[in-house]
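What follows is a set of notes on a single structure, which appears directly below.
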Amino acid sequence: MSVDDTSVAVRAHGWRTLAALHAAIETRLERALRAVELSVVEFTVLDALRRQDGFHMRMQQLARAAALSPSATTRLVNRLEERALLTRVLCADDRRGLYTELTHAGQALLDEAAPIHAAALEAALAEARDVPELEELAEAVERLERVQA
């Protein structure tokens, strides 16, 4: 095995570990957010909008924030708009542009969902710390959280 083969194997192992942690967290979050009838990606979109000045983003920004394709973002925005959790508005300085904006109902639901999300994330990371293969990565995520707080 050459040095290059070793580095590829190390990266592949790291990626599998990251994917396993992601799956464990997402499963826990999906289960918890059912209590407020939100999926993880719906929560992510609403949260991304809340973190923006003016509570709005262009569709392509929202797609990047949610790691979705443009068509998947449009479908998701349609569903959230039907639930009156967000709305689309024309960009004032570029009439061709559309913003997706958080509504009062969306903000209220997000306020209800945020502590549920936080508790589920904390529980998922605590559980991951008990899995030897995931322990180091779970601790790294928690360190990142403290740095950004």
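Heavy atoms only: backbone and side chains are in, while hydrogens, waters and symmetry mates are out.
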If I take atom CE from residue M57 and atom OG1 from residue T100, how far apart are they, to the nearest 0.5 angstrom? 9.0 Å
Under 4.5 Å between side-chain heavy atoms, hopping through other hydrophobics if needed: is there a path connecting L29 to L18? yes
CD (Q61) and NE2 (H56) are apart, to the nearest 0.5 Å, by 8.5 Å
In residues 104-127, what donor-acceptor pairs under 3.5 Å come from side-chain atoms, sequence neighbours left out?
| unit_1 | atom_1 | unit_2 | atom_2 | d |
| --- | --- | --- | --- | --- |
| D111 | OD1 | R50 | NH1 | 3.0 |
| E127 | OE1 | R28 | NH2 | 2.5 |

What's the spacing between L38 CG and E30 CD if we round to 0.5 Å? 9.5 Å
Under the salt bridge (charged side-chain N to carboxylate O under 4.0 Å, His left out) test, which residues partner E136, sequence neighbours left out? none
Taking distance alone, no hydrogens or angles, what donor-acceptor pairs closer than 3.5 Å link side-chain atoms of residues 68-81 to residues at least two apart or in another chain?
| unit_1 | atom_1 | unit_2 | atom_2 | d |
| --- | --- | --- | --- | --- |
| S69 | OG | S71 | OG | 3.3 |
| S69 | OG | A72 | N | 3.1 |
| T73 | OG1 | S69 | O | 2.8 |
| T74 | OG1 | P70 | O | 3.1 |
| N78 | OD1 | R88 | NH1 | 3.4 |
| N78 | OD1 | R88 | NH2 | 2.2 |
| N78 | ND2 | T74 | O | 3.3 |
| E81 | OE1 | R88 | NE | 3.1 |
| E81 | OE1 | R88 | NH2 | 2.8 |
| E81 | OE2 | R88 | N | 3.3 |

Rounded to the nearest 0.5 Å, how far apart are CZ of F55 and CG of L49? 9.5 Å
Is any side-chain N of the basic residue among R129 and E142 closer than 4.0 Å to the acidic one's carboxylate O? yes
Are the side chain of E37 and the backbone N or O of R34 linked by a donor-acceptor pair below 3.5 Å? no
Of all heavy-atom pairs linking L137 and L21, the shortest is CG-CD2, 3.5 Å
L90 side, atom CG; Y99 side, atom OH - distance, nearest 0.5 Å: 11.0 Å
